[in-house]
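Scroll down for the structure; my scribbles are underneath it.
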Number of protein chains: 2
Amino acid sequence: MDQSPRISLLISQALGLYRLRINALLAQHHIDLTSEMVTVLRVLWQREGRKQQELADLLHKDKASITKVIHNMEKRGLVARVADETDARNKKIVLTQQGQALKKEVLPVLDPFLDSLTADFDEKELAAARAVLSAIIRQLQ
Amino acid sequence: MDQSPRISLLISQALGLYRLRINALLAQHHIDLTSEMVTVLRVLWQREGRKQQELADLLHKDKASITKVIHNMEKRGLVARVADETDARNKKIVLTQQGQALKKEVLPVLDPFLDSLTADFDEKELAAARAVLSAIIRQLQ
DNA sequence: ATCAATTAGTTGACTATTCAACTAATTTTA
DNA sequence: TAAAATTAGTTGAATAGTCAACTAATTGAT
């Protein structure tokens with residue numbers, strides 16, 4: 001009889017596998033992105049021009065991580081750093097034409113796949129799962 | 001009104017925060033380990049002498065990751081690689097005295113903390129969360 | 001108004017992770 | 001049995017993430 005695995009262990013394993021499969025899916029479709037870049041792009045597709053610290057806060061990441069992901073995205077020509085005129089400390093991240101256009105390529109590939117992973121559960125079960133995960137995140141912050 | 005965040009996003013954020021807090025807790029207690037090393041040690045504390053590929057399979061990681069984590073653990077004097085006499089390709093990972101002794105230091109620090117994060121939920125909700133995560137892992141494999 | 005404290009972003013060191021290419025050992029197959 | 005295929009582990013390149021120390025800009029306090 002297996003003991004209930006700790007939720008933290010399940011989370012760690014799930015994330016590793018998510019990354020693998022998402023990166024493989026993107027590669028299959030010849031999209032030169034990593035799953036982390038997609039996470040950042042999703043925020044920017046909703047509203048671009050955010051500064052790096054805002055991205056860090058939204059994604060619960062260190063600002064140094066964001067510096068480096070943005071750097072890699074800049075190398076691929078997806079985003080640009082724009083100086084903030086009202087506060088020279090800030091750098092606003094804007095999408096290039098290419099970064100904007102990728103939305104129509106990426107979402108139809110990834111979203112149906114992501115949704116299919118939870119399709120066997122009803123809304124109540126998914127809500128419970130989200131509630132547990134959100135509570136964990138809240139308490140860890 | 002906030003839309004339900006995708007479970008994959010919650011998982012990614014939760015894991016990052018878990019790592020941060022676990023590493024901070026370990027540092028506070030002057031335990032020179034990372035959260036990933038603890039994950040590997042938990043497996044070895046249950047049964048040592050596993051080969052690297054077994055660790056990789058159990059933790060759903062690439063064997064190259066295991067090579068490198070084991071290397072870092074060896075540097076800290078926690079484990080040793082032992083040649084398998086019946087199959088020279090395998091390296092069995094055994095605990096040093098120090099690696100074994102850490103169990104009594106680490107678990108009393110981490111486990112109450114990890115359990116406290118889900119203490120507000122009843123078993124039914126936690127079971128639903130585990131079921132969703134396990135299903136995701138199974139389908140991603 | 002000046003000096004101290006805070007905030008945004010970068011950099012370098014370190015760990016973790018994967019992939020692809022590689023070596024060595026074992027197993028399968030023809 | 002000899003050659004081919006598989007399996008275990010390592011290595012180097014790439015991305016991602018953190019921390020601590022740093023610079024530059026802004027805000028606050030006296």
Side-chain angles (χ1 to χ4, degrees), chain A residues 12-28 32-41 50-76 78-79 81-93 140, chain B residues 12-28 32-40 50-76 78-93 140:
Chain A
S12 154
Q13 300 183 348
L15 183 61
L17 294 170
Y18 262 122
R19 270 203 290 236
L20 267 182
R21 292 292 300 273
I22 290 175
N23 290 340
L25 256 181
L26 292 168
Q28 273 168 37
D32 181 26
L33 287 180
T34 64
S35 64
E36 284 75 16
M37 292 178 192
V38 172
T39 304
V40 174
L41 283 173
R50 298 200 190 254
K51 56 185 195 166
Q52 295 185 195
Q53 186 62 58
E54 281 177 326
L55 292 173
D57 293 340
L58 281 167
L59 301 175
H60 304 296
K61 296 269 154 81
D62 191 276
K63 60 187 174 169
S65 303
I66 299 297
T67 294
K68 290 168 191 186
V69 175
I70 295 292
H71 179 255
N72 283 328
M73 292 171 73
E74 220 174 8
K75 271 204 306 192
R76 286 166 172 74
L78 308 173
V79 297
R81 290 169 156 92
V82 172
D84 183 342
E85 294 172 3
T86 70
D87 187 336
R89 290 172 302 183
N90 302 342
K91 296 189 183 167
K92 297 191 163 180
I93 309 304
L140 286 174
Chain B
S12 154
Q13 299 182 348
L15 184 62
L17 294 171
Y18 262 123
R19 269 204 289 237
L20 267 182
R21 290 293 299 274
I22 290 175
N23 290 340
L25 256 181
L26 293 169
Q28 272 167 37
D32 181 27
L33 287 179
T34 64
S35 66
E36 284 77 16
M37 292 179 192
V38 172
T39 304
V40 174
R50 296 197 189 259
K51 55 184 196 168
Q52 295 186 196
Q53 185 62 58
E54 282 178 326
L55 293 173
D57 293 340
L58 280 166
L59 300 175
H60 303 298
K61 297 268 154 81
D62 192 276
K63 60 187 175 169
S65 303
I66 300 296
T67 293
K68 289 168 190 187
V69 176
I70 296 291
H71 180 256
N72 283 329
M73 293 171 72
E74 220 174 7
K75 271 203 305 191
R76 286 166 171 75
L78 307 175
V79 298
R81 290 168 157 93
V82 172
D84 184 341
E85 293 172 2
T86 69
D87 187 336
R89 289 171 303 183
N90 302 343
K91 296 190 183 167
K92 296 189 163 182
I93 308 304
L140 287 174

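Throughout, a chain's letter reflects where its sequence line sits, starting with A, and its residues are numbered from 1. These figures come from a predicted structure and were not determined experimentally.
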Show me the side-chain donor-acceptor pairs of residues 64-71 of chain B shorter than 3.5 Å, one per line, residues at least two apart or across chains.
from, atom 1, to, atom 2, distance (Å)
B/Thr67, OG1, B/Gln52, NE2, 3.3
B/Thr67, OG1, B/Lys63, O, 3.2

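- The CG atom of B/Asp62 sits 17 Å away from the P atom of D/dT15 (whole-angstrom rounding).
- Pairs passing the salt bridge (Lys or Arg N to Asp or Glu O under 4.0 Å) check and including a residue from residues 78-90 of chain B, sequence neighbours excluded, read B/Glu74-B/Arg81, B/Asp87-B/Arg89.
- Map A/Ser35 and A/Ala88 each onto its nearest nucleotide of DNA chain D; the residue landing nearer the 5' end is A/Ser35.
- Spacing between atom CD of A/Glu36 and atom C1' of D/dG17 amounts to 9 Å, rounded to whole angstrom units.
- Nucleic acid contact class of B/Lys92 (heavy atoms, under 4.0 Å, all strands): none.
- Side-chain N or O atoms of B/Arg21 include one that pairs as donor or acceptor with a backbone N or O of A/Leu140 at under 3.5 Å.
- Here A/Lys68 does not reach the OP1 or OP2 of D/dT18: none of its side-chain N or O atoms lies under 4.0 Å away.
- Whole-Å rounding puts the A/Leu15 CG to D/dT15 P distance at 18 Å.
- For the pair B/Asn72 CG and D/dT11 P, the computed distance is 13 Å after rounding to whole Å.
- Atom CG of B/Leu33 is separated from atom C1' of D/dT18 by 17 Å (rounded to the nearest Å).
- With rounding to the nearest 0.5 Å, the separation of NZ in B/Lys92 from CG in B/Leu55 is 12.0 Å.
- Between B/Leu26 atom CG and D/dC19 atom C1' the separation is 15 Å, expressed in whole Å.
- The CD1 atom of A/Ile22 lies 11.5 Å from the CG atom of A/Leu33; values are rounded to the nearest 0.5 Å.
- No engagement by A/Ile66 is indicated, since no non-hydrogen atom pair under 4.0 Å with the nucleic acid exists.
- Interface limits on DNA chain C: the 5'-most and 3'-most nucleotides within less than 4.0 Å of chain B heavy atoms are C/dT15 to C/dT26.
- Toward the 5' end of DNA chain C, the nearer of the two residues A/Arg19 and A/Lys63, judged by each one's closest nucleotide, is A/Lys63.
- Positionally, the nearest nucleotide of DNA chain C for A/Thr67 lies more toward the 5' end than for the other of A/Leu20 and A/Thr67.
- Here B/His60 contributes atom NE2 and A/Ser12 contributes atom OG; the two are 9.5 Å apart, rounded to the nearest 0.5 Å.
- For B/Ala64, taking side-chain heavy atoms from C-beta onward, the closest of the listed nucleotides D/dC19, D/dT15, D/dT11 is D/dT11.
- Here B/Thr34 lies in heavy-atom contact (under 4.0 Å) with sugar-phosphate atoms only.
- Put simply, NE2 on A/His71 is 16 Å from C1' on D/dG17, counting in whole angstrom units.
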Item to complete: Would you please test A/Arg50 and A/Leu58 for side chain to side chain contact (heavy atoms under 4.5 Å, CB included) and show each step?
Response: CA-CA 10 Å; A/Arg50 298 200 190 254; A/Leu58 281 167; 3.7 Å; yes
